[in-house]
Amino acid sequence: MTIRVRFAPSPTGHLHLGGARTALFNWLYARHHSGQFLLRIEDTDRARSTEESTAGILEALQWLHMDWDEPPLIQSTRYQAHVQAAHELVEKGGAYRCYCDAQTLEQMREDQRRRGEKPRYDRRCLDRPRPAGDQPFAIRFLTPREGVVEIEDLVKGPVQVHNDELDDLIILRSDGTPTYNFSVVMDDGFMGITHVIRGDDHLNNTFRQYHIYRALGFETPRFGHLPLIKGLSKRLGSASVQAYRDKGYLWEAVLNYIARLGWAHGDDEIFSQEELIAKFDLKGVAKSPAAFDEDKMTWLNQHYLKTLPEETVAERLLPVLAQREYPGVAQDGRLLALVRALRERARTLIDMADSARFAYLPPEGYDPKATQKWIDKKTLENLAVITKNLEELEVFGPQEIESLIRQHAEEQGMNLGQVAQPIRICLTGSAVSPPLFDTMLIIGKEEVIQRLGDGIRKLAPAVEQH
RNA sequence: GGCGCGUUAGUCUAGCGGUUCAGGACGCCGGCCUCUCACGCCGGAAACACGGGUUCGAUUCCCGUACGCGCUACCA
């Protein structure tokens, strides 16, 4: 039997990391078992569902490199089938019409509560003869009251509940529209879903749905309920997948991170997509909820920034650089050199793009603290000499630059830092940059000399002050 | 309230009755490396919710308590 799983988001907002994780576990389960991963857009909440959300969710899945095997099923297209099935169920005696209105229902529940009973539909309409005229009615599923439902959950293990805890839930509203619990069962059956992997919040629904599968003549799928993620709903907007993409996270890092959120494979931390497919197993899924920790995801991002092929990182960085409108940004040798210089120093692509500024633009000012610490009359004199020596350099290569600077430091009886920092400040405006010689090479000879000259000129007045 | 599920350091987790007074990772603290910042390396602080059982022996099995989450709709 081919395993068929599905991810069934409601298109009412962005795909957040919790949803992405549910999708991922389904996708991994399918890929690991050579099964099929399907999508179902649960858009039956007409008021809140939007086309944009659907597009955004699909885009987020694609960005995370999850592919699906059939065109997504749009649940609203199944409307007729759901309605018809509900009525057929009434004919077969598996469901019944309920003419109670909201007010009598509320009254009933209130009475039950007052008597200390659990609120539950009392089936007053079960045997009621069909009233004359065309009174509106809902359709209720006739849930067995005897016995227990036991489900062997793939994550939780055996879970059970007594049938008398379950209510006769409404499957078709009085306005003629099917409800969630009914539509889910109908479509999972229709799609031939063999394994339902979803959030823990549906665990209790499972017992209700179980009976519906049987009444509809479907084989019940296996279930696996994933623990929820703590601390995500509060910041739902910022936790959307594309929000992290826009914050400069690589999809490899996000995927790796959410995979580890509630799932483990021994002590392993780093997983490529292929490794995840090979090693994923629902047995490794934790039973308890996990909290989202952006620091750890950032650490993973840094890991991928410094281990992915430099061409790959360059490709990802390019559009971010372009956004900043740095002049002369291109997929060239300079970009590659930048990636090499910056990848171990950046946590995100945004960090990297910020730090890359020096390669394209001269400093727009000089960090006062750094200037205070490193620039004085003597260093300005040294800078003038170094500038002159650099100008005379025949070959502006790594060895040549380094020996020139080191030699200068030695002659002046200074350590490298005392020489390097003032140069760094002139070139970048800051006391922080990649290694000085790399920085100089990236900037290029002419521009280095230009910036040194500018620096000496602009910093001189400040030195006169003290 | 009822029902369901859960509970190892700040966080993610390993553990599947006995050299584990609990291992890895993020974060944190200290050190080394060093032209800055990082990276890297070395070291450190930090956890089995509580109470009963079962057992020769429980983090591990069972039962309670506490706490947390979920469901309890003509929401999905």
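Chain identifiers are assigned alphabetically (A, B, ...) following the order of the sequence lines, protein sequences preceding nucleic acid strands; residue numbering begins at 1 within each chain.
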- Can you name the closest pair of heavy atoms from A:Cys426 and A:Leu459 and give their distance?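 So the minimum-distance heavy-atom pair works out to SG-CD1, 4.2 Å.
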
Describe the nucleic acid contact of [X] in one word from base, sugar-phosphate, nothing, applying a heavy-atom distance below 4.0 Å.
X        : result
A:Leu169 : nothing
A:Ala431 : base
A:Pro227 : nothing
A:Gly262 : sugar-phosphate
A:Ser10  : sugar-phosphate
A:Arg208 : sugar-phosphate
A:Thr44  : sugar-phosphate
A:Leu436 : base
A:Gln160 : sugar-phosphate
A:Lys287 : sugar-phosphate
A:His202 : base
A:Cys100 : base

Are [X] and [N] close enough that a side-chain N or O sits under 4.0 Å from OP1 or OP2?
X        : N     : value
A:Arg109 : B:C74 : yes
A:Lys306 : B:G40 : yes
A:Arg340 : B:C39 : no

Distance check, [atom1] atoms only: [N] and [M], in whole angstrom units.
N     : M     : atom1 : answer
B:C37 : B:C32 : P     : 13 Å
B:G52 : B:C5  : C1'   : 23 Å
B:U20 : B:A47 : C1'   : 13 Å
B:C61 : B:G18 : C1'   : 15 Å
B:U19 : B:C26 : C1'   : 29 Å

From [atom1] of [X] over to [atom2] of [N], roughly how many Å is that when rounded to an integer?
X        : N     : atom1 : atom2 : value
A:Gln103 : B:A73 : CD    : P     : 18 Å
A:Leu342 : B:C37 : CG    : P     : 16 Å
A:Asp354 : B:A38 : CG    : P     : 16 Å
A:Glu165 : B:C5  : CD    : C1'   : 15 Å
A:Leu338 : B:A38 : CG    : P     : 19 Å
A:Phe437 : B:U36 : CZ    : C1'   : 12 Å
A:Asp268 : B:U13 : CG    : P     : 15 Å
A:Leu305 : B:G40 : CG    : C1'   : 16 Å

- Of A:Thr428, A:Asp438, A:Thr439, which meets side chain to side chain donor-acceptor pair (under 3.5 Å) against A:Ser433?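 Between A:Ser433 and the candidates, side chain to side chain donor-acceptor pair (under 3.5 Å) is satisfied uniquely by A:Thr439.
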
Donor-acceptor pair (no angle test) under 3.5 Å: [X] side chain, [N] base:
X        : N     : value
A:Arg343 : B:C39 : no
A:Asp200 : B:G70 : no
A:Arg345 : B:C37 : yes
A:Ser174 : B:C74 : yes
A:Glu269 : B:G24 : yes

Cationic tip of [X] above [Y] ring, under 6.0 Å, 45° of axis:
X        : Y        : result
A:Arg78  : A:Phe190 : yes
A:Arg208 : A:Phe141 : no
A:Arg97  : A:Phe137 : yes
A:Arg21  : A:Phe25  : yes

Need the pair for [N]. Rule: Watson-Crick or G-U wobble, both distances under 3.5 Å, any strand; none if unpaired.
N     : result
B:C69 : B:G4
B:G43 : B:C29
B:C50 : B:G64
B:A14 : none

Could you check which of [options] has an atom nearest any side-chain atom of [X]?
X        : options             : answer
A:Leu228 : B:C35, B:A76, B:C69 : B:C69
A:Leu203 : B:G70, B:G4, B:G27  : B:G4
A:Asn204 : B:C74, B:C12, B:G4  : B:G4
A:Trp299 : B:G1, B:C5, B:C26   : B:C26
A:Ser288 : B:A76, B:C12, B:G6  : B:G6
A:Gln302 : B:C39, B:G2, B:C5   : B:C39
A:Asp267 : B:A76, B:G24, B:C35 : B:G24

- Position toward the 5' end of RNA chain B (nearest nucleotide), A:Ala420 or A:Ile170: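 In this pair, the answer is A:Ala420.
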
- Task: Using the closest heavy atom to pick a nucleotide of RNA chain B for each, name whichever of A:Thr179 or A:Leu416 lands nearer the 5' end.
- Result: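 Nearest-nucleotide comparison on RNA chain B picks A:Leu416.
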
- Task: Taking A:Gln421 for its side chain and A:Ala431 for its backbone only, find out whether a donor-acceptor pair lies under 3.5 Å.
- Result: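 Side chain of A:Gln421 to backbone of A:Ala431: a pair is present.
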
- Query: Looking just at side-chain N and O atoms, do A:Gln84 and A:Gln80 make a donor-acceptor pair shorter than 3.5 Å?
  - Reply: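 No - no donor-acceptor pair under 3.5 Å links their side chains.
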
- Query: Does A:His162 reach the side chain of A:Val149, with side-chain heavy atoms less than 4.5 Å apart?
  - Reply: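 A side-chain contact is absent here, since even the closest heavy-atom pair is not under 4.5 Å.
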
